[in-house]
Every structure is written in structure tokens, then in C-alpha cells.
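So the structure is just underneath, and the comments pick up after that.
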Amino acid sequence: MTVETIDIIREENLVYRKTPALTDNVMHYCPGCSHGVVHKLVAEVIEETGIREQTIGVSPVGCSVLAYNYLDIDWAEAAHGRAPAVATGISRLHPEKYVFTYQGDGDLASIGTAEVMHACNRGENIVIIFVNNAIYGMTGGQMAPTTLVGQVTSTTPYGRDVKLNGFPMKITELLAQLDGTGFVTRQAVHTPLAIRKAKNAIRKAFENTKKDKGTSFIEIVGTCSSGWKMTPVDANRWMVENMFPKYPLGDIKDI
Amino acid sequence: MAEIKLMKGNEVIAEAAIRCGCDGYFGYPITPQSEVMETLMAREPWKETGMVVLQAESEIAAINMVYGAAACGKRAMTSSSSPGISLKQEGLTYLAGAELPCLVVDVVRGGPGLGTIQPAQSDYFQATRGGGHGDYHLLVLAPASVQEMNDFVSLGFDLAFKYRNPVMILADGVIGQMMEKVQLADYSPRWTDDDIERISGKWALTGKKGRDRHVATSLELDSYKQEIFNHKLQAKYRLMQENDARHEELHCEDAEYIFVAYGSSARICQKSIQLCREQGIKAGLFRPVTLYPFPRVPLRALSRRVKGFMAVEMSAGQMVEDVRLTVDANVPVEHFGRYGGVIPTPDEIVEALKKQIISAS
Ligand SMILES: Cc1ncc(C[n+]2csc(CCOP(=O)(O)OP(=O)(O)O)c2C)c(N)n1
Ligand code: SF4
Ligand SMILES: [Mg+2]
């Protein structure tokens, strides 16, 4: 750093800083991964709404298993897919707390389908953050229920074939059908505008907890550059061109 | 004033949970233990003590709800029967790995598979060996009466928090379904936030306030640290063996032959002892009350002065392995079991003792 730059870094010149709800730990996510951005948004909302001391997170099995190393709040680490049941136990015994799960598409839409369906159907007073990157990132890029038709993964090396593997699952639309959900939305974090919208949705979801509006569900369509075997820039482009038509952004339900 | 009632074992589990200040019960119906949740729902303890009762969508969900509640330092429990306990094994290994205390009741029925709804003791392995993956154990209590169904609920919670480990009450369909006189415990209040802070303030999820964050997890990717954590678990299991292995002896003082049996089988063996003694056979009963830790020390001591042991179980031979591992090698250990939902009679147990041990030696 040149002397001049150091000179500029003064308190009065700072326009942006890391929210204190994020720890100083170096994140393990690959370059271009959506998880890091989503973590930051959740942390900022928790900090800005002043609920850090009353918030308990439930992390999944997936690349975000170590979310508890990055958000400086109390956490429970759940078994694969079971986060909504764990969150139910916490929320029922701590009705005054803000409880949220953070889950990937394999965790939530495959092995944990029953748990998320029934937590949403009971209208558990929790927030569910669902990062859909159309792949199993953590285990090396296998097909997820959300993998697109024709998408190449390590277990669909010739592309997802509906005869063999069925269709991409729009679980968010399914959950919106349930009377227990109050707010269901699909967002993304690939542009500053999208990030701003996603953050507003996350803020609204946490505020809903206070109003006892049932389960708030936020899908974030994200990228997995490593699993997709693309550069971060190409991954964003591929997501806009291929994921958004199948998983259109916007509010699905808001009561 | 102690309240004495005539109640079913399963109903008593529910009543004892409310009275001991349990915070939450999460369950899924299965015969022969559905009365536990039915009793709780009829009692509506949330109006009385604030205890939460929730019917989950599956046993898997129920045990994970327990995990969430337990992580908050609350006294949480679930109950089920054998097929449901198989489903809970995933949750149990996570609870053991995250060192979370909770109470699980297994009212055993015959198997394998869907099996039968009749009583059995064939879940001994999945209860005592750590039925899920990894090197872990539950602390397992085996009630032999409706009274013990009552007593072991609060004892179970005490031991769970003493060791930060899941505790299982391993009953069977007989104990769950039969009615007996029971002296109910007096009410103790549920823990307050201050109590939780005092008892579990070092780890419970209560909201990060003025301290480092708490994380309930069983994940440790560094193998060397994972091994050290496993050492800690093993040390805990050794402490359980030293301090909390429990058993009961009946007529063992002069006994030449000893039945080793727990739960309903121990009750039946009491009658067999009487029949033996009428025929001049000096028989006694060794009843493990904790199945894990297995009461090794007193059983080994007995083995130095008796002529043989007969393990009696409603299984094809599971607890008998622990008996064999415990006693001196030169003392015969035989097994007699009826299983698949069949209950042994006192007479056939006496006949088995005579045939397999007395006339064989
Ligand atoms: C019971 C069980 N089955 C399988 C696994 C292996 N596993 C770990 S993460 C994962 C998939 C995660 O994918 P996703 O939820 O989409 O999260 P991502 O890594 O993509 O964020 C699987 C199958 C496991 N840990 N536990
Ligand atoms: S593998 Fe994919 S989901 Fe996992 S950190 Fe890398 S980019 Fe993110
Ligand atoms: Mg994924």
C-alpha cells in the first residue's frame, strides 16, 4: 500500500465495513460461490435489526456446514436434511427467539424433503434460507433434485435425463401451497440490485418472526462455480440464462 | 403427600415427564407405546407447566426436534418402539457426538422388520452398542416395573445432564402395557433461564450475549482433534462404568445358579427362582438395572462362587454376550430365550436351567 492510500483510510472516509455479526474467520468458499454473499446478507440483517443476541441459526450438511464459523451467533449443526426439525425443537422451546435454518438444495429438497414440508405445514415460526445452486457442491458436484434437464454433473455425465432422473424440482412453489407459509420468495445475489432485493427479503423474513406470520421461506438461486466447472463470471451468465427461466425470481406468496 | 395410583407403564412415562419438569416431548405413534403421547395430549401440560408436546411427522423428525431442544439446555424427550428407534439412530449418534443430554424411551416389540406388536427384548444391541455410526454409547436404564417407569424418567434426565449424553429407558411391551400400583413423584418445577445458565451455561444455545458463541455440533474435520474428542467420550463412558452401573440381586447369597435377566424377564425369573427352590435348586437372580454401563464388577464377583449362569431374555441372545464377556471363563453361561413376541413361562426357564446347565455339568 502506498503512503497516499493509507492516508485515505480514515474513519470519516469509510463508507462500508464488515458487519460485526461476521467473524474474522477466512471463509472456505470457492471464488464466485454464492454462499459467502448470502452469509453476509444474513449477518447484516441480524446486526441491523438488533436481534443478534436473540438469534439461533441451524446449519445444514453441505458446503455451508461451517456457517457457524462465520456468523457470530449461537448455532446448532443439524444432520443432513434435518435442520427444519432441529429448528422446530429450538423455536418451540424458545418461542421468543429468532430461529432460522440455512440449507442447500440437496439438504432441503432431497434428503430433507419431509422435514421442510412439515415444518412449513405446521407454520413453524422460523426463517428458512434455501440456497439453490442446482448441484451437490460439497460432495463434488453430483446431481441435485434441482439440477436442470440436460445439466452435466458428476452423476449425470451426459446431462440430466428425465427418463432416468425425473424433473427439476420447484420445491419453493410446492411449499408456497402450504397454509403454514406466510412469505415465500425467490431471489438471487449476482448483481448489486439483486443483492439489495435479497437483503430486503431476508429482513422481511426475520421481521415476520416477530409478527408470528408462519414460516418465511427464501430461496436464493446461486452459483457453484466449482461444481459447474465454470469461472465465476461464466457461472453467473449460465445461471441467468438457464436457471432463471426455470426458477423465476420474485415473491411467490406474501400474506 | 405421595400420590398412589393404578396405571399403565406408558401412561406413567407421560405423567412422570410432566411432574419432573420436562420441557418438551416430541413423538410419533407406534404400538405398543402410543399411550405416552396420547396421555400427554390429554393432559395438556402446556397449560399446567408450560411443557411442549408435539406430534412430529416421523421418528426422524422427532429425534431432531429433541436435538434442537436439548441444544438449548432444555429437558427434552421422545419415545418410540423398535422400528421407530431404528429411525432415531441417526439422531442419537448426532446427539451423542454433540454431547447433548436427552431422554429416549424404547418400548420394545418383536422384530426384525415390521415384526410384531408383541413384547420383546431384541433391541438390546441397538440400545447398548451405540446403534448408529461412530464410537459412542447411550446410558441405558432397564425398568422392571411400572414404578421404575416412573422413577427412571427423572433419574434418566439427571444422568443425561450429569454426563451430557443421551439416556435411554429400554422397556418392553409388557412393562409399557401392564397396569401396576405406582407411587407418583411430586411436582418439580421446570428449569428457569437462570437454572439453565447455572447448569448448562457453558454450552446451551440461549442467544449469544456477553460471551463467545455456542455451537452444538459433532463436526471436527481435523482427524487428530476428532481422535482427542473420542478419547474424551471414552473417558466419560469409563466414568459411567465406575459411578453409575446399577444392578439388583435376589437370593444370590446362597445361590449356586444365577439367572441374569432384565425388565420383564427379570420379573418372570423371580417366579422361576421360587419354583427352583421348591425343588431344592438354589437359584438366584442378578438383574442389571443399567444395561450400559453393564454392571460388570458385581457380576464378575458372583462368578467366582457359583456353578453357572443362565441369561434369560426375550431375544435370541443379546445380553448374554455381555454376561460372557464379564464372568470368569470357567463358569458355564447359557442362554434361554423366547422371542418374536413370545413371553417365556417360569416353568420353561426352570427346565432350561436343569437341562442346559445342571445336568450338563
Ligand atoms: C446422511 C448423509 N448422506 C450423505 C451425506 C453426504 N453429503 C454431504 S453434503 C451433501 C450434499 C450437499 O448438497 P447441497 O445441500 O446442495 O449443498 P451445497 O454443498 O451445494 O451447498 C451430501 C450428499 C451426508 N453428510 N450425510
Ligand atoms: S463447491 Fe460450490 S457450493 Fe461449495 S464452496 Fe465451492 S462453489 Fe460454493
Ligand atoms: Mg447445492
Side-chain angles (χ1 to χ4, degrees), chain A residues 20-23 25 28 46 51-62 65-99 101 111-122 124 126 138, chain B residues 22-26 46 50-76 78 89-95 97-98 100 102 132-133 190-191 193 196 203-221:
Chain A
L22 278 180
T23 64
N25 293 330
H28 69 280
I46 289 172
I51 59 169
R52 194 165 151 198
E53 293 176 348
Q54 293 100 261
T55 303
I56 298 176
V58 183
S59 63
V61 173
V65 63
L66 292 170
Y68 56 73
N69 281 345
Y70 309 131
L71 266 70
D72 196 16
I73 54 170
D74 278 3
W75 282 96
E77 207 293 298
H80 198 16
R82 317 298 178 216
V86 173
T88 298
I90 298 173
S91 166
R92 293 283 176 142
L93 275 286
H94 269 318
E96 76 296 350
K97 293 249 164 24
Y98 297 83
V99 182
T101 72
I111 195 167
T113 323
E115 284 75 18
V116 76
M117 279 275 166
H118 287 276
C120 287
N121 194 49
R122 288 188 301 266
E124 294 298 336
I126 58 173
M138 189 188 212
Chain B
C22 174
D23 295 300
Y25 170 93
F26 305 90
W46 50 93
M51 176 183 174
V52 168
V53 186
L54 188 62
Q55 179 167 340
E57 64 269 29
S58 68
E59 288 87 351
I60 296 175
I63 192 71
N64 281 285
M65 290 172 187
V66 167
Y67 179 102
C72 299
K74 304 280 185 177
R75 283 188 285 183
T78 183
Q89 293 300 350
E90 177 199 51
L92 286 169
T93 171
Y94 277 74
L95 279 150
L100 296 178
C102 71
H133 59 282
R190 288 176 54 222
W191 287 344
D193 289 351
I196 291 175
W203 54 267
L205 311 183
T206 53
K208 180 195 140 72
K209 193 174 181 179
R211 57 160 171 78
D212 288 345
R213 68 181 176 285
H214 288 168
V215 180
T217 182
S218 55
L219 180 68
E220 178 47 73
L221 292 169

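Naming: A, B, ... by sequence-line order, numbering from 1 per chain.
Contacts of A:Glu96 with chain B are absent, with no heavy-atom separation under 4.5 Å from either backbone or side chain. With a 4.5 Å cut-off on non-hydrogen atoms, A:Ser59 does not touch chain B at all. Proximity to chain B is limited to the side chain of A:Leu66, based on heavy atoms less than 4.5 angstrom apart. For B:Ala204, the part lying near chain A is the backbone, with the side chain staying farther off; criterion is any non-hydrogen pair under 4.5 Å. No part of A:Asn121 comes within reach of chain B, as not one of its non-hydrogen atoms sits under 4.5 angstrom from that chain.
Nearest heavy atoms, B:Gly24 versus A:Leu93: N-CD1, 4.4 Å. The minimum heavy-atom distance between A:Ala76 and B:Tyr67, with the atom names listed, is CB-CE2, 4.3 Å. Listed here is the closest heavy atom pair of A:Ala85 and B:Ala61: CB-O, 3.6 Å. Residues B:Gly68 and A:Ile90 share a closest heavy-atom pair of O-CG1, 3.3 Å.
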Open item on the list: With side-chain contact (heavy atoms from CB on, under 4.5 Å) as the criterion, how do B:Leu219 and A:Tyr68 come out once you've worked through the C-alpha distance, each side chain's angles and the decisive distance to 0.1 Å?
Closed with: CA-CA 11 Å; B:Leu219 180 68; A:Tyr68 56 73; 3.6 Å; yes

Open item on the list: With side-chain contact (heavy atoms from CB on, under 4.5 Å) as the criterion, how do B:Ile60 and A:Glu115 come out once you've worked through the C-alpha distance, each side chain's angles and the decisive distance to 0.1 Å?
Closed with: CA-CA 9 Å; B:Ile60 296 175; A:Glu115 284 75 18; 3.5 Å; yes

Open item on the list: Using the rule given for side-chain contact (heavy atoms from CB on, under 4.5 Å), can you reason through B:Met65 versus A:Val86, listing the C-alpha separation, both sets of side-chain angles and the distance that settles it, and then say yes or no?
Closed with: CA-CA 5 Å; B:Met65 290 172 187; A:Val86 173; over 6 Å; no

Open item on the list: side-chain contact (heavy atoms from CB on, under 4.5 Å), that's the test. Do B:Lys74 and A:His94 meet it? Break it down for me.
Closed with: CA-CA 10 Å; B:Lys74 304 280 185 177; A:His94 269 318; 4.1 Å; yes

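Here A:Asp72 pairs with B:Arg213 in a salt bridge; the nearest charged N to carboxylate O distance falls below 4.0 Å.
Looking only at heavy-atom pairs under 4.5 Å with chain B, the residue among A:Thr88, A:Ile73, A:Val99 that has the most is A:Ile73. Between chain A and the options B:Thr217, B:Val52, B:Leu205, the largest number of non-hydrogen pairs under 4.5 Å is found for B:Leu205. When the candidates B:Leu100, B:Leu221, B:Thr206 are compared by the number of heavy-atom contacts under 4.5 Å with chain A, B:Thr206 comes out ahead.
Residues B:Lys209 and A:Arg52 are not in side-chain contact: their nearest non-hydrogen atoms beyond the backbone lie 4.5 Å or more apart. For the pair A:Met117/B:Glu57, no side-chain contact is recorded, criterion being any heavy-atom separation below 4.5 Å from C-beta on.
With B:Lys208 contributing its side chain and A:Ile56 its backbone, the two residues share no donor-acceptor pair below 3.5 Å. Counting only distance, with no hydrogens or angles, the side chain of A:Asp74 and the backbone of B:His214 share a donor-acceptor pair below 3.5 Å.
For the atom pair A:Arg82 CZ and B:Ser58 OG, the distance stands at 7.5 Å (nearest 0.5 Å).
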